[in-house]
Amino acid sequence: MKILEAERLILRLQTTDDAEFILELLNDPSWLQYIGDRGIRNVEEARAYILNGSIRMYEQFGFCLYLVERKEDHIPIGICGLVKRDSLEDVDIGFAFLPKYWGSGYAYEAASAVMEYGKQTLGLNRIVAITTQDNHASAKLLEKIGMHFEKLIQLPNDSEILRLFSTNN
C-alpha cells in the first residue's frame with residue numbers, strides 16, 4: 001500500500017515479499033556500523049522482522065518505516081519512516097539506503113516527504129532522530145531537513161552514547 005509519493009520515489013508499506021531486500025539492507029556494512037546487527041541472516045528471519053517490526057508498528061500507531069522504491073523502475077532502494085520507540089518520548093524519523101543509492105538525493109527526498117507527512121497528516125508537533133556520534137552523513141541530512149542537534153543521550157540497555165536531533169517545536 002502506497003503511503004507517500006515524492007518526485008522520484010514511492011514510499012509504501014513493507015510486505016513479506018520485501019524480505020530479500022530487507023535481508024540485504026540489514027546486513028549491509030553501513031547498516032551494521034551505524035544502526036547495529038539485528039541478527040537477521042536468512043529470508044525467513046527477514047520476513048519475521050518485517051511482520052514484527054514495520055507491519056506491527058503500522059497496525060499499532062498508523063506509521064512505520066516504509067519501503068522506498070524508485071518510481072521509474074520500482075526497485076527498492078531503502079527504508080524511511082517514523083518509529084515510536086518505548087525508550088523515546090517522541091516519534092523519531094529513521095532512514096537507511098543501500099550505499100549504491102547514496103549521493104543521488106533520494107534520502108533527502110524521502111526524509112523530507114516523511115517529515116511533511118508526520119507534521120501535516122499525522123499532526124506530530126515534534127519529531128526527533130537519533131544517530132551514532134560518527135554518522136556524519138545522517139547528521140548532515142537531519143540538519144538539511146530542518147532538525148538540529150539537541151543533546152547526547154543513552155537509550156536503556158545500550159552502552160552507546162547517541163546524538164539526539166529534534167525539530168524546533
Side-chain angles (χ1 to χ4, degrees), residues 3-4 6-14 18 21-40 46 49-50 53-54 57-58 61 63-70 75-119 122 124-169:
I3 302 294
L4 292 168
E7 183 181 341
R8 301 173 295 163
L9 304 171
I10 293 171
L11 285 75
R12 64 169 175 80
L13 292 182
Q14 294 178 43
D18 299 314
F21 171 75
I22 294 299
L23 177 65
E24 179 184 3
L25 183 66
L26 269 58
N27 287 286
D28 183 82
S30 62
W31 177 286
L32 296 171
Q33 177 182 356
Y34 295 122
I35 299 171
D37 190 349
R38 298 295 186 254
I40 307 301
Y49 180 85
I50 292 166
S54 287
M57 184 163 291
Y58 186 78
F61 297 107
F63 55 78
C64 62
L65 289 170
Y66 307 114
L67 188 101
V68 179
E69 60 185 28
R70 294 190 304 198
I75 290 178
I77 63 172
I79 57 174
C80 183
L82 299 167
V83 178
K84 180 59 187 107
R85 300 172 202 267
D86 293 338
S87 54
L88 287 175
E89 183 177 332
D90 299 294
V91 171
D92 70 286
I93 186 170
F95 48 82
F97 290 80
L98 289 175
K100 63 185 167 187
Y101 300 107
W102 294 0
S104 300
Y106 291 131
Y108 173 74
E109 191 175 325
S112 295
V114 166
M115 288 294 284
E116 184 177 335
Y117 179 76
K119 291 176 181 177
L122 301 176
L124 298 172
N125 292 320
R126 178 176 152 90
I127 298 172
V128 300
I130 52 175
T131 69
T132 57
Q133 292 186 63
D134 63 340
N135 192 341
H136 305 296
S138 288
K140 186 176 176 182
L141 175 60
L142 292 171
E143 290 170 348
K144 192 173 178 182
I145 63 170
M147 300 185 99
H148 67 277
F149 171 77
E150 188 172 296
K151 62 184 175 182
L152 295 174
I153 63 167
Q154 186 173 6
L155 299 179
N157 303 317
D158 191 350
S159 61
E160 190 165 18
I161 304 295
L162 302 170
R163 292 189 288 178
L164 177 75
F165 290 79
S166 67
T167 53
N168 290 323
N169 297 343

Of all the heavy-atom pairs spanning [X] and [Y], show the shortest one and how long it is.
| X | Y | value |
| --- | --- | --- |
| I161 | Q133 | O-NE2, 3.1 Å |
| L65 | G94 | CD2-O, 3.6 Å |
| A139 | T131 | N-CG2, 4.5 Å |
| S87 | L155 | OG-CD2, 3.7 Å |
| I127 | G118 | CD1-CA, 4.3 Å |
| C64 | M57 | CB-CB, 4.2 Å |

Measuring only between side-chain heavy atoms, which start at C-beta, is [X] closer than 4.5 Å to [Y]?
| X | Y | value |
| --- | --- | --- |
| I93 | I145 | yes |
| V91 | L122 | no |
| F97 | S30 | no |
| L25 | L98 | yes |
| Y58 | L13 | yes |

Task: Pairs involving residues 135-161, ordered by first then second residue, that meet salt bridge (Lys or Arg N to Asp or Glu O under 4.0 Å) (sequence neighbours left out) - done: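 Qualifying pairs: R126-E150.
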
Open item on the list: Around atom CD of E116, are there more than 12 heavy atoms from other residues, nucleotides or ligands closer than 6.0 Å?
Closed with: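 Not buried by this count: 12 neighbours or fewer within 6.0 Å.
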
Rounded distance [0.5 Å steps], [atom1] in [X] versus [atom2] in [Y]:
| X | Y | atom1 | atom2 | value |
| --- | --- | --- | --- | --- |
| I22 | N27 | CD1 | CG | 11.0 Å |
| L162 | I130 | CG | CD1 | 5.5 Å |
| M147 | S166 | CE | OG | 6.0 Å |
| D18 | L67 | CG | CG | 4.5 Å |

Open item on the list: I'd like to check the side chain to side chain contact (heavy atoms under 4.5 Å, CB included) partners of I35; sequence neighbours left out, ordered by chain and number.
Closed with: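 For I35, the residues satisfying side chain to side chain contact (heavy atoms under 4.5 Å, CB included) (neighbours in sequence not counted) are W31, R38, A96.
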
Open item on the list: Test of understanding: with side chain to side chain contact (heavy atoms under 4.5 Å, CB included), list the residues that count as partners of F149, not counting sequence neighbours.
Closed with: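 Result, side chain to side chain contact (heavy atoms under 4.5 Å, CB included) vs F149: L152, R163, F165.
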
TODO: Show your working on side chain to side chain contact (heavy atoms under 4.5 Å, CB included) between Y106 and R70 and close with a plain yes or no.
DONE: CA-CA 9 Å; Y106 291 131; R70 294 190 304 198; 3.2 Å; yes

Task: side-chain contact (heavy atoms from CB on, under 4.5 Å) partner of V68, the single match among I75, V114, L11, L4 - done: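 Looking at I75, V114, L11, L4, the match for V68 under the side-chain contact (heavy atoms from CB on, under 4.5 Å) is L11.
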
- [ ] Mind checking salt bridge (Lys or Arg N to Asp or Glu O under 4.0 Å) for D37 and listing every partner two or more places apart, or none if nothing turns up?
- [x]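 Listed in chain order: R41.
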
TODO: Using ring pair (Phe, Tyr, Trp, His ring centres under 6.0 Å) as the criterion, list what pairs up with F61, not counting sequence neighbours.
DONE: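 F61 satisfies ring pair (Phe, Tyr, Trp, His ring centres under 6.0 Å) with F63 only.
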
TODO: Under the side chain to side chain contact (heavy atoms under 4.5 Å, CB included) rule, what do T132 and Q33 come out as? Steps first, then yes or no, please.
DONE: CA-CA 9 Å; T132 57; Q33 177 182 356; over 6 Å; no

Per-pair distances, 0.1 Å, donor-acceptor, side chain in residues 79-86, under 3.5 Å, sequence neighbours excluded:
unit_1, atom_1, unit_2, atom_2, d
K84, NZ, L88, O, 2.4
K84, NZ, E89, O, 3.4
R85, NE, D92, OD1, 3.0
R85, NE, D92, OD2, 3.3
R85, NH2, D92, OD2, 3.1

Task: Criterion side chain to side chain contact (heavy atoms under 4.5 Å, CB included) on R12 and I3, from CA distance to verdict - done: CA-CA 5 Å; R12 64 169 175 80; I3 302 294; 5.5 Å; no

TODO: Would you confirm whether S112, through its side chain, and Y108, through its main-chain N or O, come within 3.5 Å as a donor-acceptor pair?
DONE: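 Yes, S112 side chain to Y108 backbone: donor-acceptor pair under 3.5 Å.
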
Task: side chain to side chain contact (heavy atoms under 4.5 Å, CB included) between D90 and L124, intermediate numbers included - done: CA-CA 9 Å; D90 299 294; L124 298 172; over 6 Å; no

